[in-house]
Amino acid sequence: MRTEFRTKRKIEFADTDMAGIVHFTRFFVFMETAEHEFLRSLGTNVVTEWDGHKIGWPRVAASCEYLSPLRYEDEVDILLWVSRKGTKSLTCQFRFTHNEKDVARGQLTTVCCITNPGEKMRSIPIPDFIISQIKTE
C-alpha cells in the first residue's frame, strides 16, 4: 500500500486573482505546504539536522494541471502520495478536490541534499529514518 497524506485548505482572499478564482501560482504554494506537513508527519521537516548536517529538499521539477476553478472560501482537499522513491529523490503526486470533484493535479520532484552554510550543496541518499516510512505503489 502506498504512503498517502491528506490535508485541507480553506481558500483565502489572497489566493485569488481579479477574476475571483485561485491564481494558478497558488497551487504550487499549496503543494509545498502539503509536502511540509507530510514531512513533519514522518518526524522530519523540509529543513532538518541529521548526522551533524543541515538537510534540505530542493525542487528539481514541478508541474500542475488545472481542471476546474476554486474560489474564495472554498475548502480544497489535498491528497499527496509518493509515486517514485529513488535513492536520493522523491516524486510526489497531488490531487486537489472540492466537493469530491477534481480541480487540479500536480507533481513535485525533490532531491535530498546537504545544505550546510558555507558549503556547496550536494545530494545524498535519503536517510533511512525517512525513506523506511515511505511506500510507493
Side-chain angles (χ1 to χ4, degrees):
M1 174 180 274
R2 71 183 184 194
T3 300
E4 295 183 346
F5 179 80
R6 294 176 187 274
T7 189
K8 293 180 182 282
R9 182 181 179 102
K10 185 108 168 172
I11 301 302
E12 301 290 336
F13 184 76
D15 296 325
T16 63
D17 61 17
M18 289 184 67
I21 62 175
V22 172
H23 192 270
F24 76 96
T25 60
R26 300 302 292 167
F27 282 92
F28 292 93
V29 173
F30 302 163
M31 287 189 286
E32 184 174 61
T33 301
E35 176 207 24
H36 292 188
E37 291 176 20
F38 170 63
L39 289 170
R40 282 193 295 275
S41 80
L42 300 178
T44 189
N45 208 321
V46 71
V47 177
T48 194
E49 297 286 330
W50 174 77
D51 200 26
H53 296 286
K54 185 176 178 180
I55 294 177
W57 295 87
R59 283 94 184 107
V60 295
S63 64
C64 192
E65 178 183 9
Y66 311 99
L67 307 169
S68 182
L70 288 172
R71 301 183 187 287
Y72 173 62
E73 292 197 335
D74 283 347
E75 186 171 78
V76 62
D77 295 298
I78 304 168
L79 172 64
L80 173 160
W81 69 95
V82 178
S83 60
R84 183 180 175 283
K85 179 173 79 168
T87 304
K88 298 179 179 184
S89 67
L90 295 175
T91 299
C92 295
Q93 303 294 323
F94 297 83
R95 180 180 178 212
F96 298 88
T97 58
H98 173 62
N99 293 333
E100 299 183 17
K101 179 181 177 184
D102 286 348
V103 294
R105 290 187 287 259
Q107 180 176 298
L108 286 178
T109 300
T110 61
V111 175
C112 188
C113 289
I114 290 180
T115 59
N116 293 332
E119 294 180 18
K120 183 178 178 181
M121 187 169 35
R122 65 187 186 280
S123 64
I124 61 167
I126 301 169
D128 189 57
F129 82 95
I130 299 170
I131 202 72
S132 65
Q133 298 182 73
I134 299 172
K135 309 278 187 275
T136 57
E137 298 178 85

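All values reported here derive from a predicted model rather than from experimental measurement.
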* **side chain to side chain donor-acceptor pair (under 3.5 Å) partners for T91, two or more places apart** => T109

* Might you work through the side-chain contact (heavy atoms from CB on, under 4.5 Å) test for C64 and M31, ending with a clear yes or no? => CA-CA 9 Å; C64 192; M31 287 189 286; 4.2 Å; yes

* Asked: Counting distance only, does the side-chain N/O of T3 pair as donor-acceptor with the main-chain N or O of K135 below 3.5 Å?
  -> yes

* **Minimum heavy-atom distance V111-S89, with the two atoms named** => CG2-CB, 4.1 Å

* To do: Using the test salt bridge (Lys or Arg N to Asp or Glu O under 4.0 Å), find all partners of R6 that sit at least two apart in sequence or belong to another chain.
  => E4

* To do: Given side-chain contact (heavy atoms from CB on, under 4.5 Å), test N45 with L39 step by step and report yes or no.
  => CA-CA 5 Å; N45 208 321; L39 289 170; 5.6 Å; no

* Minimum heavy-atom separation for T110 to E35, with atom names? -> CG2-OE2, 3.4 Å

* Asked: How about P127 and C112: do any of their side-chain heavy atoms sit closer than 4.5 Å?
  -> yes

* Decide yes or no for W57 and L90: does some side-chain heavy atom of the first lie under 4.5 Å from some side-chain heavy atom of the second? => yes

* To do: Say whether, by atom type as modelled, one donor and one acceptor occur between the side chain of H23 and the main chain of T25 under 3.5 angstrom.
  => yes

* Asked: With hydrophobic residues grouped by side-chain heavy-atom distances under 4.5 Å, do I130 and I55 end up in a single group?
  -> yes

* **Closest non-hydrogen atom pair, I124 against K88** => O-CG, 3.3 Å

* Indicate yes or no: at least one non-hydrogen side-chain atom of T33 is less than 4.5 angstrom from one of I78. => no

* Asked: Hey, mind stepping through D77 and H98 against side-chain contact (heavy atoms from CB on, under 4.5 Å) and telling me if it holds?
  -> CA-CA 6 Å; D77 295 298; H98 173 62; over 6 Å; no

* Are the side chains of E32 and R59 in touch, meaning some heavy atoms are under 4.5 Å apart? -> yes

* **R95 and W81, any side-chain heavy atoms less than 4.5 Å apart** => yes

* **All pairs passing salt bridge (charged side-chain N to carboxylate O under 4.0 Å, His left out) where residues 105-114 contributes a residue, at least two apart** => E65-R105

* Asked: Under a 4.5 Å side-chain heavy-atom rule over Ile, Leu, Val, Met, Phe, Trp and Tyr, are F96 and I11 clustered together?
  -> yes

* To do: Could you tell me whether the side chain of M121 reaches within less than 4.5 Å of the side chain of P58, counting heavy atoms only?
  => yes

* Structure fact -> For A62 and L108 the tightest heavy-atom approach is CB-CD2, 3.5 Å

* Asked: Who are the ring-ring contact (aromatic ring centres under 6.0 Å, His included) partners of F30, not counting sequence neighbours?
  -> F27

* Exercise: identify the closest heavy-atom pair between R9 and D15 -> NH2-OD1, 3.7 Å

* State, with a plain yes or no, whether a side-chain heavy atom of E100 is found less than 4.5 Å away from one of T97. => no

* **Distance (rounded to the nearest 0.5 Å) between C113 SG and R122 CZ** => 9.5 Å

* **Qualifying residues under salt bridge (Lys or Arg N to Asp or Glu O under 4.0 Å), relative to E75, sequence neighbours excluded** => K8

* Decide yes or no on side-chain contact (heavy atoms from CB on, under 4.5 Å) for T44 and W50, but give the supporting numbers first. => CA-CA 10 Å; T44 189; W50 174 77; over 6 Å; no

* **Between T16 and R71, a side-chain donor and acceptor under 3.5 Å** => no

* Structure fact -> With sequence neighbours left out, the residues meeting side chain to side chain donor-acceptor pair (under 3.5 Å) with D17 are none

* To do: For Y72 and I21, indicate whether the former's side chain and the latter's backbone hold a donor-acceptor pair under 3.5 Å.
  => no

* In the single-linkage hydrophobic clustering (I, L, V, M, F, W, Y; side-chain heavy atoms under 4.5 Å), do V60 and I114 co-cluster? -> no

* Asked: How about L67 and V103: do any of their side-chain heavy atoms sit closer than 4.5 Å?
  -> no

* Is the backbone N or O of T115 less than 3.5 Å from a side-chain atom of E119, with the two atoms forming a donor-acceptor pair by type? -> no

* To do: Decide whether F5 and L42 are clustered together by the hydrophobic rule: side chain heavy atoms of Ile, Leu, Val, Met, Phe, Trp, Tyr closer than 4.5 Å, transitively.
  => yes

* **Common cluster, I131/V47, ILVMFWY with side-chain heavy-atom separation under 4.5 Å** => yes

* Asked: Is it the case that E37 and T7 place a side-chain donor and acceptor less than 3.5 Å from each other?
  -> yes

